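None of these values were measured; they are calculated from a predicted model. For the numbers below, each heavy atom of this structure counts, side chains included, while hydrogens, waters and symmetry mates do not.
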Amino acid sequence: FPRRGGEAGARWQRIIRAHEATLAFLDGRSPAMPDAKELRALGRDLFETLLPGEVRRLYDSARSLQPDGILDLVLTSMIDWVADKPWELAFDPSRREFLATSCVNIVRNVFTAVPAERPGRRRGRLRVLVVSARPQGVPPVAAGEETARIRAAFRDLVGTGLARIELLPRATPARLQRRLAEGRLDVLHFIGHGAFDPESHEGSVLLEDAAGRPRPLAFESFRQIVCRRGLRLVFLNACETGRGGRSDWNRGVAPA
């Protein structure tokens with residue numbers, strides 16, 4: 001990405017200002033969210049930055065060649081202030097659509113020396129483990145409501161024997177590790193709190209201890225518990241789990 005001088009530098013400054021304004025609203029430091037006009041302007045700047053010049057021609061060609069009309073766009077960056085930007089809000093001015101609500105799936109990727117785990121095909125039911133943690137003294141999460149929505153979404157598949165939903169509430173590290181060690185799971189759906197330490201630049205998820213008190217689980221420990229279990233998908237509904245470290249992006253929970 002060109003980041004300095006001319007129009008490219010001016011675009012980056014506008015992106016940074018709009019992103020900071022949005023974060024200020026989400027953090028409660030500003031009373032106003034950017035309006036629709038401002039979001040479209042941010043989206044155009046993100047689109048022009050993400051797909052400059054010849055890359056735009058590749059993008060247009062790739063979209064026209066997808067038999068189902070859906071394009072997967074993979075973004076890989078180890079620069080924290082680049083990867084942190086809301087690229088899903090990129091707005092295609094010629095098609096007048098935001099990429100995230102059109103036919104483009106934006107996927108965040110990471111650099112790693114560890115080869116991708118590619119588990120073999122598995123027969124039988126799709127098994128989903130819904131894990132939640134609500135430690136004492138932290139803001140509540142709508143775990144019950146979210147679990148009910150998951151059950152409703154999978155009701156037909158469960159009824160025909162094609163899927164199974166299993167719950168692990170009040171999760172502790174030991175309980176989560178024991179259940180994952182038993183295997184036979186495809187999806188882990190986590191509902192709870194996450195955090196990112198700005199000093200150590202490390203992410204964590206918040207589970208419970210045996211007494212129901214908060215038990216932070218650092219990114220490395222969480223990775224050791226979750227990985228190499230045959231899971232196809234780990235879904236994290238927890239704040240700041242998508243953030244990455246400054247010198248090592250993979251110190252965030254999701255990147256790890």
Side-chain angles (χ1 to χ4, degrees), residues 68 70 72 88 100-101 103 105-110 116-196 203-243 252-256:
D68 55 3
I70 298 174
D72 290 330
E88 289 80 1
T101 57
C103 296
N105 296 325
I106 297 186
V107 180
R108 306 299 183 99
N109 194 21
V110 296
E117 181 181 356
R118 300 191 182 280
R121 289 182 176 273
R122 182 180 297 161
R123 295 183 179 276
R125 290 182 292 184
L126 177 72
R127 296 172 182 264
V128 180
L129 177 66
V130 180
V131 178
S132 59
R134 292 184 288 178
Q136 302 167 7
V138 301
V141 294
E145 179 182 344
E146 187 165 341
T147 300
R149 289 178 178 271
I150 294 170
R151 286 188 179 278
F154 281 89
R155 184 176 294 121
D156 291 344
L157 291 175
V158 171
T160 54
L162 294 176
R164 176 184 175 183
I165 307 296
E166 182 181 338
L167 307 183
L168 183 65
R170 321 296 307 195
T172 67
R175 290 185 65 205
L176 177 59
Q177 185 170 22
R178 281 197 300 270
R179 178 59 191 91
L180 293 178
E182 294 173 7
R184 303 187 305 281
L185 290 170
D186 300 293
V187 178
L188 168 64
H189 184 115
F190 177 72
I191 307 168
H193 290 281
F196 189 85
S204 62
V205 294
L206 195 62
L207 300 184
E208 303 181 23
D209 65 11
R213 294 170 300 208
R215 171 65 166 83
L217 195 64
F219 74 99
E220 182 65 29
S221 298
F222 186 73
R223 181 176 67 178
Q224 291 174 3
I225 290 176
V226 169
C227 289
R228 302 295 177 186
R229 306 293 188 183
L231 292 168
R232 268 63 172 173
L233 173 68
V234 177
F235 185 101
L236 299 171
N237 187 0
C239 289
E240 300 196 288
T241 48
R243 291 185 63 180
V253 177

To check you understand the geometry: which heavy-atom pair defines the closest contact between [X] and [Y], and what is its length?
X	Y	result
Leu157	Thr160	O-OG1, 3.2 Å
Pro216	Leu206	N-CD1, 3.7 Å
Phe219	Ala256	CD1-CB, 3.7 Å

Selection residues 121-130 - residue pairs positive for salt bridge (Lys or Arg N to Asp or Glu O under 4.0 Å), sequence neighbours left out: Arg122-Asp186
Distance-only donor-acceptor hits, side chain of residues 137-148, under 3.5 Å, sequence neighbours excluded:
{"unit_1": "Glu146", "atom_1": "OE1", "unit_2": "Asn237", "atom_2": "ND2", "d": "2.7"}
{"unit_1": "Glu146", "atom_1": "OE2", "unit_2": "His189", "atom_2": "NE2", "d": "2.7"}
{"unit_1": "Glu146", "atom_1": "OE2", "unit_2": "Asn237", "atom_2": "ND2", "d": "3.1"}
{"unit_1": "Thr147", "atom_1": "OG1", "unit_2": "Ala143", "atom_2": "O", "d": "2.7"}

Enclosure of Asp156 CG (heavy-atom neighbours >12, cutoff 6.0 Å): no
Residue Arg232 excluded, over 12 heavy atoms near CZ under 6.0 Å: yes
For residues [X] and [Y], determine if any side-chain heavy atom of one lies less than 4.5 Å from a side-chain heavy atom of the other.
X	Y	value
Leu129	Leu180	yes
Phe154	Leu126	yes
Ser204	Leu217	no

Just distance, no hydrogens or angles: give the donor-acceptor pairs under 3.5 Å from side chains in residues 163-174, sequence neighbours left out.
{"unit_1": "Glu166", "atom_1": "OE1", "unit_2": "Arg179", "atom_2": "NE", "d": "3.3"}
{"unit_1": "Glu166", "atom_1": "OE1", "unit_2": "Arg179", "atom_2": "NH2", "d": "3.0"}
{"unit_1": "Glu166", "atom_1": "OE2", "unit_2": "Arg179", "atom_2": "NE", "d": "2.6"}
{"unit_1": "Arg170", "atom_1": "NE", "unit_2": "Glu208", "atom_2": "OE1", "d": "3.3"}
{"unit_1": "Arg170", "atom_1": "NE", "unit_2": "Glu208", "atom_2": "OE2", "d": "3.2"}
{"unit_1": "Arg170", "atom_1": "NH2", "unit_2": "Arg134", "atom_2": "O", "d": "3.1"}
{"unit_1": "Thr172", "atom_1": "OG1", "unit_2": "Arg175", "atom_2": "N", "d": "3.1"}

Spatial distance of atom OG1 (Thr241) from atom CZ (Phe222) [nearest 0.5 Å]: 8.5 Å
Audit row: Leu176, Phe190, side-chain contact (heavy atoms from CB on, under 4.5 Å) steps and yes/no: CA-CA 11 Å; Leu176 177 59; Phe190 177 72; over 6 Å; no
